[in-house]
Every structure is written in structure tokens, then in C-alpha cells.
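Every chain is numbered from 1, with letters handed out A, B, ... down the list of sequences.
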Amino acid sequence: MEQVYIEDIASAEGKEVEIKGWLYNARSSGKLRFLQIRDGTGIIQAVVFKEDVSEEVFSMLGELTQETSIILRGTIHADMRAPGGYEMSAFNIEKVGDSPNYPITPKEHGVHFLLDRRHLWMRSAKQHAILRVRHEVVSAIRDFFNNRGFINLDAPIFTPAACEETSTLFETEYFNDQAYLTQSGQLYMEAGCMAFGKVYCFGPTFRAEKSKTRKHLTEFWMVEPEVAYMNLQGDMELAEDFICYIIERALENRRPELDKLERDISKLEAVKKPFPRITYDEAVKILQEKGSEIKYGDDLGAVEEEILGDYYHIPVMIHHWPAEVKAFYMKRDADKPELALGVDMIAPEGYGEIIGGGQREDDYDTLLASIKKHNLPEEAFDWYLDLRRYGSVPHAGFGLGLERTVGWITGVHHIRECIPLPRMMQRLKP
RNA sequence: UCCCCGGUGGCUCAAUGGUAGAGCGGGUGGCUGUUAACCACUAGGCUGGCGGUUCAAGUCCGUCCCGGGGAGCCA
């Protein structure tokens, strides 16, 4: 008998087919049993009348527990009363594997309890929806860059030293030496763009920051494009097109999942070009008008990001930052050297910074001076300085945090639900 | 590292300083259209650890452990 996946069930109407899956929920009404089956692609209800099956099968159904793996054979037909519009009248049920005392019941559970059982929690409908949106965003990210002629040039996970001076790195033993887990592939992408023109890397990133907030993971996924001969303006246009494309794809292909998550679709539909672009100076003025106590020269905190997000309702790009708050590799503005050509994109609804990037310093002497000023080990950046020795050109890029982006699109409160197995300060299992 | 909140059956939570409870889940029985089904019965507890105040502590005080939220930093 032909196996059918529940997402394709409409094509099986009127046919006798096989569904292979797991018991999601069961109800019983005397001589009638209702079994809700999930197979990873959806959920369908099967109805079993006592007279349609053998006595052994019918009494076995009464003992089935949640998440027992079963194979159902029956006829598919449309039914107004069924949640998905289709229902199976089953005439044969085969139990594959028992599932005694499944811990995640159809009632409320705390996040801690669920995270301890994340390997099982992934089976739940809401988690399914979120991770399917994540999959769509991942596909959209790759398609966007691939369709624009970018080369995927992934960066190493093991790195010999800090890419930037501030963030905390995870240390690991590397034979008889010390290595660190990457916190950014950007410096390597700068090398890549001088070789291939347009490149991106997309992989896990590690930060040993002691951050316990809904926006932080110790291991998260970041995509980092880098383009030769591109300036800050081009960088902002790229970032804007990129975000618009991701949102379009999510709306186009994952509408049922977003509905399941009760996401306010209109807020995503409002995300259209052009995004507001304001300088750091303008941002500070707006924030001060809105009651923030920010002083010129301060970096934006979580409160400031939220104020700006609420003010614009769509992502806002802030550029031309005081150089002091930005990294050593940022290029300075030619007219106002105290400003760096960096850009941050702040997502609305409190999801914070989803993109950070800018134009990089391409002058050898200026970059070397900056490395020295930041007390960075010059010898570690030998190869990086080579990029300014041999045919240096203006170039720019950015990094986008995948889980924050998925969090924003799905409207999930905490980004730990936006990655299959989250790694946080207090969590390394499962 | 700092600030705030919490820890009570398997789960989610109640309980003026005075006999520890409910819903769900589990078990047993009933029901031919259930949608987190419903109805009845039933089992299940050293209230995070240690110390203190009190006739009496889940409740008050001290301390430690664990967890959550936020700040800083960042995507």
C-alpha cells in the first residue's frame, strides 16, 4: 500500500493509503476511537469504528499512549468536522514502538521542563512551526546571495586569536597549543572578497558572554557577506534588499506556520523599502526627545534599541557612529574622522540589533595604527594587513544573526526556541 | 559581575503563622463524532539544603544551592 505524507493528503482523497507516524492525541467514545497522528509533515485525525477492525486491534487502540509509533491503513476522505479538512477511516493499525509515560502532555509546561526535554519538545506543533520558519529563512539567505553571484566561502571554526578585542572567546586545546572558537568570520571574508569579489559565510558562531537575556545564545548562526569595491551606501542597500527578501519568502511559503504562531502578519507586510536611515547623531536626538538619558558618544543600550524600534515599526539603520564605540577595522569618515562608517540595523518589537556591519578600513597605515591603538597583537594580524598590502580596495559587509531574525519573524519571545538545540550560559544539554 | 523574581505530587499552580489542595497527566469503569473531549472513582507529598525565631513554619529571619528575567557586551 502506498505511503502518503500528511502534507500531501489532499492528493490521496478517496484512496486507500498508509500513514506512518506517531500518536499525537487520542480520544475515545465507546465504540468509536479518534486518533490524531503526526508524521512530521502534519497532523491528521483517524477514526476507527469498533465494527471495522478486529477485537484485538480495537482494544489495543484503547491502550495506546502519546507518541507511540504506529502505521495506519485506511481511506482518506474530506470531512468538515476534521481539523485539517481531511480524515482517515482506518481499517488496520499496526503498532511499531511503545511510548510509556511520555513526559510532554497536551497541557501547560514550564520552559525549563521543556528545554530539558528539547529532543522531545521538537515534536510539538508550535516548535515545529518555528523550526520550519527557520528552515525557510536559511533557504532564503542562501538563495539571496547565490542568486546575486556571491560565492559561499565558509570561515573556520577554530581560530588562533580574537577577531575583535571585546567579546569573550571560548578557549579549547589544539594539540599542544591553544585555539578559540570563532566569534566572526568577517576577517576571513575580507580575504575572500579580494579573491572572489562577492562572498558570504554562514555557520555557527560562539560567544562566551555571560548574557542571560531573551536575545542571547552562546552558540548561534550568523551569515556574513562581504563585497569588494562596495562602500557604506552599497552595504546598506544590500542589507535592506536582503531583509526584504527574507520576509517575502517567509510570507510566501510559511504562512500556515506564522498563523499557527499567531504572528501579526501585517507587521511583517509593512516591511518594505526604503528602511529609515538615520545617523547616530539623529538617533541620539530622537532618543533624547523620547526621554532617554543617552549622552552623545554612548553606545545604544537595550532600552534605546526598543525606543527606536517602536518609533519606526520597521527595521531602522543607524550609521556614522562615534569611532570609539566601534571595532578597530571600521573605516573612518573622510570628512569627520571621529565617525566610523558602521551601520547597525535594529528590528522592531524589541528584537534588537539583527545586523551589524559597515565599510572596512582599507589603508595599510591607518589600519596598522588602529591595531596598535587597540593593543592588539600585531603579528596575529599579519595576514590581515597583507590584504592592504596587495591591491587593497574599499570593501564592506555585515553580519546577520539568524536566531534573532527568526525570533522577530515568528514573534517568539525568546530566541532559544529559534534553534533546534539551544546552547546558553546555563544549558549544554540535551 | 550586578539588580529583581522564584523553588509545594509526574506537570502547571493554590494555600492570613494554625489538619498541604485543585486542574491536567497516570490507573479503573462509562459513552457511536471527539477537537487541550466529557462523566465517575482511584493512587500519588521529608513544601530545594542547612540553621534560627515561635506553643506552632510551605509561610517569618539568616545562609547556601539551583533556576528564571533584566543590565553590561553583542548578532
Under 3.5 Å between N/O atoms: give me all the protein pairs with nucleotides 12-15 of chain B, atom names plus distance.
unit_1 : atom_1 : unit_2 : atom_2 : d
B:U12  : OP1    : A:G110 : N      : 2.9
B:U12  : O2'    : A:E108 : OE1    : 3.1

Show each protein N/O and nucleotides 1-8 of chain B N/O combination with a separation under 3.5 Å, one pair to a line.
unit_1 : atom_1 : unit_2 : atom_2 : d
B:U1   : O4     : A:K210 : O      : 3.3

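- For A:Y280, the ring-ring contact (aromatic ring centres under 6.0 Å, His included) partners at least two apart in sequence or on another chain are A:Y296, A:W321.
- With hydrogens and angles left out, the side chain of A:R404 and the base of B:C74 share a donor-acceptor pair within 3.5 Å.
- Residues passing the ring-ring contact (aromatic ring centres under 6.0 Å, His included) test with A:F202, sequence neighbours excluded: A:W221.
- Listed by chain and number, the residues in a side chain to side chain donor-acceptor pair (under 3.5 Å) with A:Q288 amount to none (sequence neighbours excluded).
- The side chain to side chain donor-acceptor pair (under 3.5 Å) check on A:T366 picks up A:D363, with sequence neighbours excluded.
- With sequence neighbours excluded, the residues satisfying salt bridge (charged side-chain N to carboxylate O under 4.0 Å, His left out) with A:E94 are A:R73.
- Taking A:Y311 as the reference, nothing meets the side chain to side chain donor-acceptor pair (under 3.5 Å) condition, with sequence neighbours excluded.
- Listed by residue number, the members of residues 150-158 of chain A with any heavy atom below 4.0 angstrom from RNA chain B form an empty set.
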Check residues 337-352 of chain A and write down every donor-acceptor pair under 3.5 Å in which the side-chain atom is one partner and the other belongs to a residue at least two apart or another chain.
unit_1 : atom_1 : unit_2 : atom_2 : d
A:D344 : OD1    : A:K326 : NZ     : 3.1
A:D344 : OD2    : A:K326 : NZ     : 3.1
A:E349 : OE1    : A:R263 : NH1    : 3.0
A:E349 : OE2    : A:R263 : NH2    : 2.9
A:Y351 : OH     : A:G411 : O      : 3.2
A:Y351 : OH     : A:V412 : O      : 3.0

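- Of the candidates B:U34, B:A71, B:A75, B:A71 carries the atom nearest the A:T213 side chain, counting heavy atoms from C-beta on.
- At a threshold of 4.0 angstrom between heavy atoms, the contacts of A:G352 with the nucleic acid are absent.
- Counting only Watson-Crick and G-U wobble pairs whose two key distances fall under 3.5 Å, RNA chain B forms stems of three or more stacked pairs at B:1-7 with B:65-71, B:10-13 with B:21-24, B:26-30 with B:38-42, B:48-52 with B:60-64.
- Checked by distance alone, A:E87 brings a side-chain donor or acceptor within 3.5 Å of a matching partner on the base of B:G33.
- Closest approach to the A:A302 side chain among B:C74, B:A71, B:U32 is made by B:A71 (side chain taken as heavy atoms from C-beta onward).
- Side-chain contact check for A:E226 versus A:Y188: every heavy-atom pair is 4.5 Å or farther apart.
- Of the listed nucleotides (B:U32, B:U34, B:C73), B:C73 has the atom at the smallest distance from the side chain of A:E209.
- Legend: residues meeting ring-ring contact (aromatic ring centres under 6.0 Å, His included) with A:H320, ordered by chain and number and at least two apart, are absent.
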